[in-house]
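Notes follow once the structure below has been shown.
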2 protein chains.
Amino acid sequence: MKRFLLPLACLSAGVAQAGADLDMANKIRSEGFYNSHVMHTLEHLTDKIGSRLTNSPQMDQANRWTLEQLKAWGLENAYLDPFEFGRGWSHDSALINLVSPRDESLHGIPVAWTPGTQGKVEGEVMLFDAVTEADLQKYQGKLKGKVLLMGEQPPIGKPKTIIFERHDSKKLEELKEFDPSRPASHEGWMTPIRKDDRLQRYQFGKVLDAFLAKEKVAAVIYRSSRQGGLVRVFGKSHKVGESFPVPAMIIEQEDYSLLQRMLDRNETPKLALDIKARFHDEHTDAYNTIAEIPGSDSNPEVVMVGGHLDSWHASDGAVDNGVGVAVAMEAVRILKALDVKPKRTIRIALWSGEEQGLHGSRAYVEEHFATRPQPQDKAERALPRYLWKSPGWPIETKPDYDKLSVYFNMDNGSGRFRGIYTEGNVAVKPLFSKWFSPYTDLSTGAVSNLSTGGTDHESFDDVGLPGFQFIQDPLDYSTRLHHTHIDSIDHVIEDDLKQASVIMAGFLYEAAMADERVPRKPIPAAPSQLKQQRLKLETEKERRQRERDARQVLDTKAYGI
Amino acid sequence: MKRFLLPLACLSAGVAQAGADLDMANKIRSEGFYNSHVMHTLEHLTDKIGSRLTNSPQMDQANRWTLEQLKAWGLENAYLDPFEFGRGWSHDSALINLVSPRDESLHGIPVAWTPGTQGKVEGEVMLFDAVTEADLQKYQGKLKGKVLLMGEQPPIGKPKTIIFERHDSKKLEELKEFDPSRPASHEGWMTPIRKDDRLQRYQFGKVLDAFLAKEKVAAVIYRSSRQGGLVRVFGKSHKVGESFPVPAMIIEQEDYSLLQRMLDRNETPKLALDIKARFHDEHTDAYNTIAEIPGSDSNPEVVMVGGHLDSWHASDGAVDNGVGVAVAMEAVRILKALDVKPKRTIRIALWSGEEQGLHGSRAYVEEHFATRPQPQDKAERALPRYLWKSPGWPIETKPDYDKLSVYFNMDNGSGRFRGIYTEGNVAVKPLFSKWFSPYTDLSTGAVSNLSTGGTDHESFDDVGLPGFQFIQDPLDYSTRLHHTHIDSIDHVIEDDLKQASVIMAGFLYEAAMADERVPRKPIPAAPSQLKQQRLKLETEKERRQRERDARQVLDTKAYGI
């Protein structure tokens with residue numbers, strides 16, 4: 001595959017421009033390293049506000065605080081940008097105790113958007129393992145007052161040996177190799193066959209919800225998807241009128257396994273639950289926080305930076321994604337402190353609804369840049385977006401589509417920037433290499449032509465706009481922090497955040513001052529007939545992806561989780 | 001240091017006996033691998049009984065069950081062996097919630113032998129950092145109804161990179177090198193200077209207890225000594241009349257740090273606690289479970305095997321030390337199933353009170369094998385044993401002292417046996433090498449002349465009796481399981497336990513059939529004048545050990561923790 005690199009290298013030389021602004025780089029480094037606010041910003045978000053579930057009162061607080069803070073730093077045109085989302089939800093406390101055959105405190109967190117228990121409830125534990133409507137029959141009339149373990153789970157395996165790591169130079173070299181077997185777009189991962197599978201599970205989920213309500217189940221219990229005492233959370237539907245009907249909790253794998261073994265031995269474990277949770281229906285709009293450093297050009301183009309402000313409710317949303325917000329805010333704070341006068345407008349966007357499917361950034365892109373026809377079929381339109389069979393073509397652009405130069409996102413934990421993914425946009429390589437050049441003592445500056453998915457730059461990339469994520473050191477993001485109850489500021493590495501803030505500010509400045517807009521990939525278009533036929537088949541890789549889906553028990557994992 | 005190995009090698013050749021009984025090894029392997037009961041035994045201890053805090057109702061249950069199980073397998077002379085211990089204690093459930101400035105469920109476990117809260121209590125959080133009586137003055141009159149954070153703690157550091165590992169051949173080679181800078185006995189680590197320090201902290205602890213009671217503190221909170229969501233527990237005094245006066249809980253490092261940061265920012269966090277805990281004063285004796293396969297010799301000598309049956313209360317005491325008990329029981333079960341007729345008696349001892357200072361095994365050794373004069377001074381005698389300044393000399397042996405050949409212990413998690421520590425007893429090396437010889441496909445069989453401390457073989461070694469621990473693969477014992485809330489059967493590796501059971505059975509059989517008793521080290525004696533003077537000085541190593549002690553905040557860690 002090495003030969004894919006050669007043309008890139010040639011291209012780089014071809015479009016090289018003058019060097020980066022080293023004087024400005026000195027100033028940015030000085031402000032970013034020796035007058036940093038980044039941990040202070042993060043501390044406010046994570047410690048003072050805490051978790052920031054989309055549309056929860058804490059998320060409202062975070063929207064207001066970020067707005068005021070950005071204004072206080074001198075940013076302009078600051079506002080909260082609404083989009084239709086659904087209900088808010090929050091919880092205070094949640095108790096789950098084994099009360100028979102012996103007493104033991106278990107450790108769990110409610111599933112987001114599920115009701116509380118209205119006081120303490122007790123119920124016998126029962127294993128519930130149904131994945132089709134036919135499976136439900138055998139449970140009919142047997143579930144009243146029961147606490148259900150949702151799905152038979154395999155024994156806990158050995159832990160990952162290495163839970164904290166940085167990329168070594170070998171890994172960074174690997175990332176430079178293009179992989180043509182990957183689909184051209186993020187959307188491409190969701191093949192028709194895979195989509196059918198997920199649609200089936202989604203539809204069964206609706207039947208299941210009604211069944212659980214009708215059978216008067218006392219509560220349902222899910223197993224955390226991380227072992228070793230970590231509770232890793234998710235949520236049920238936040239749409240008005242679709243709320244999950246019974247109290248639901250996620251518990252430690254160790255606790256779940258204990259209950260399962262008790263059932264295997266024909267014991268009758270009983271649980272007591274007391275979950276204080278509530279819905280918030282004051283508003284169904286969620287909000288992105290937006291602010292700008294206006295550009296000096298007449299009718300200036302725009303350079304954007306952002307991260308998602310919302311988090312799950314398990315802990316304080318520190319590495320997912322308080323850090324992305326704090327770094328984006330710090331980058332514009334640094335530039336404002338240096339009183340830069342950019343040619344292009346520098347705009348920050350702190351997204352909401354990311355964890356439930358990139359809702360905030362998608363809504364923003366649709367409002368400002370480009371839309372795609374929604375499904376004709378009303379029933380299809382009512383489905384979550386990731387299940388639409390026909391996200392229509394062509395992409396319809398709006399006037400501002402041509403004005404956006406680039407969007408930079410951060411959402412992969414607190415690890416320092418080791419490079420950047422171009423999302424297959426080879427034309428940006430020389431620019432990015434140049435923009436990294438004042439920071440080679442801080443970062444390898446590896447430019448990978450690969451894509452990286454799962455967060456808000458996708459919303460831009462999906463309509464052909466340049467949206468990028470940096471390559472970050474993995475640290476313990478995926479092994480233990482992502483969506484778990486220990487995602488607190490304790491596990492954030494301050495020096496890494498300062499490094500990221502400095503590089504982010506440098507990139508923003510260079511993008512805002514560059515002679516040209518950041519080059520783009522060809523705008524995505526409807527797949528050809530041949531491609532459409534091809535998509536009905538499945539590669540080995542796609543089949544494995546679909547099998548991974550199938551292992552997601554009872555549709556506990558929504559998009560983006 | 002390599003030259004220390006040479007004399008050992010020469011000696012080995014000198015005392016070599018005939019080979020191991022390979023026919024019996026075949027039978028042991030067959031029974032141990034293909035008809036194993038070890039996981040079943042462990043499951044009963046950990047899942048059905050659960051945690052087994054010394055003198056708790058669950059420990060009583062464990063004593064009774066192990067007694068009946070050993071009898072059912074055909075062991076004889078089975079009984080529960082009492083020794084004076086103190087109060088029992090147990091807890092059902094424990095709730096700790098942050099209720100101001102925001103709501104959040106925290107995760108904690110009560111400190112053993114502390115009172116419950118008698119319903120829900122709420123109190124403002126306050127940092128309490130006193131290590132001398134003078135320090136207490138500034139808190140006088142200010143603590144009523146407060147919830148105290150016990151000690152200012154440093155920020156949480158980076159996690160250990162590797163949390164699960166097996167010894168590689170390099171490590172096993174290193175373990176073969178003797179280290180003459182270590183003290184000759186386990187007791188030797190407690191130098192006079194170190195003992196003075198600990199005595200001071202112990203005495204301050206008593207003053208502190210009275211102060212907290214007088215000031216009507218609502219509750220005290222300790223920080224877990226492991227990060228990453230793990231709650232690692234300990235206990236207060238179990239002695240009648242010495243109980244800690246206020247409810248006390250250990251919480252996750254992440255939760256503790258949050259509260260500390262809130263105080264740093266002059267917020268006034270409030271906690272709600274509801275701890276259901278109780279003392280059990282029905283009996284102050286604790287019990288070791290003892291049983292035998294009687295020897296066929298007239299007046300047979302004795303070979304012993306054991307592990308401690310008691311555990312901490314955080315989880316189910318699986319790797320500490322359900323596995324040691326299950327392996328010891330499995331070893332005698334295997335031998336009984338094979339209907340062996342050993343020349344020497346094979347005796348199993350499942351100790352209690354290990355976690356509070358090897359109480360069960362010490363009491364047993366004193367009762368059967370050897371005693372040492374207690375301190376003359378009544379006040380000194382009332383102190384915990386590890387603080388006695390003058391554990392008297394000489395060791396006074398009892399008739400059975402000469403009849404004990406060897407004691408084998410297992411208490412280092414569930415990792416497979418990679419070899420054995422001789423505790424500096426070089427004379428056993430050829431024997432142990434021979435006994436490992438039928439199992440070289442299962443274990444390297446490294447014989448290390450080093451000592452390993454912290455568990456019940458010490459009680460034997462301290463009076464000059466051969467007591468040994470095997471070298472085990474570390475796995476995740478120290479990194480995340482030891483005394484934490486996830487020490488459940490989930491993290492036990494079945495194949496490793498089978499391997500350990502087979503080797504343990506093999507060693508017991510060979511020891512029981514050997515021509516000679518296992519050779520001994522010289523009996524410990526009072527240190528010489530020169531040595532006594534020397535002990536008043538401190539080596540660099542000892543000073544570091546003492547500094548580690550000092551970092552133990554507010555004497556939260558008793559002996560053996």
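Each chain gets a letter, A, B and so on, in the order the sequences are listed, and its residues count up from 1. Values below: all heavy atoms of this structure, side chains included; hydrogens, waters and symmetry mates excluded.
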Donor-acceptor contact below 3.5 Å, side chain Arg102(A) vs main chain Asp47(B): yes
What part of Asp92(B) is in contact with chain A, defined as an atom under 4.5 angstrom from a non-hydrogen atom: side chain, backbone, both or neither? both
Proximity breakdown for Ile163(A) and chain B, heavy-atom pairs closer than 4.5 Å: both
What part of Glu104(A) gets within 4.5 angstrom of chain B, counting heavy atoms only: side chain, backbone, both, or neither? both
Do His485(A) and Glu254(B) come close enough that some side-chain heavy atom pair is under 4.5 Å? no
Under 4.5 Å from any heavy atom of chain B, what part of Ile162(A) do you find: side chain, backbone, both or neither? both
Shorter than 4.5 Å, heavy atoms on both sides: which option in Glu252(A), Glu165(A), Gln58(A) has the most such pairs with chain B? Glu252(A)
4.5 Å side-chain heavy-atom contact, Lys158(B) and Ile493(A): yes
If you count heavy-atom pairs under 4.5 Å with chain A, which of His91(B), Glu43(B), His107(B) comes out on top? His107(B)
Given a strict heavy-atom distance threshold of 4.5 Å, which part of Asp316(A) is in contact with chain B: side chain, backbone, both, or neither? side chain
Would you say the side-chain atoms of Ser105(B) pair up with the backbone N or O of Ala94(A), donor to acceptor, closer than 3.5 Å? yes
Contacting moiety of Ser488(A), where chain B heavy atoms sit under 4.5 Å: side chain
As an exercise, state the distance from OG of Ser93(A) to CG of Leu106(B), rounded to the nearest 0.5 Å. 10.5 Å
Salt-bridge present (Lys160(A), Asp476(B); N to O < 4.0 Å): no
Are any of the side-chain nitrogens in Asp103(A) or Lys276(B) under 4.0 Å away from the carboxylate oxygens of its partner? no
Salt bridge Asp490(A)-Arg261(B), side-chain N to carboxylate O under 4.0 Å: yes
Return the option, out of Ile49(A), Val231(A), Thr479(A), with the maximum number of heavy-atom pairs under 4.5 Å with chain B. Ile49(A)
Answer key: most heavy-atom pairs under 4.5 Å with chain B among Gly228(A), Pro101(A), Ala272(A) is Gly228(A)
Residue part contacting chain A, namely of Thr46(B), when any heavy atom lies under 4.5 Å: backbone
Part of His491(A) lying under 4.5 Å from any heavy atom of chain B: side chain
At a heavy-atom distance under 4.5 Å, which candidate from Ile156(B), Leu98(B), Thr161(B) has the highest pair count against chain A? Thr161(B)
With sequence neighbours left out, write down each residue that passes ring-ring contact (aromatic ring centres under 6.0 Å, His included) with His44(A), or none if nothing qualifies. Trp65(A)
First locate atom NZ of Lys48(B), then atom CZ of Arg265(A), and finally report the distance between them rounded to the nearest 0.5 Å. 6.0 Å
Checked Met262(A), Glu267(A), His313(A) vs chain B; the most non-hydrogen pairs under 4.5 Å come from Glu267(A)
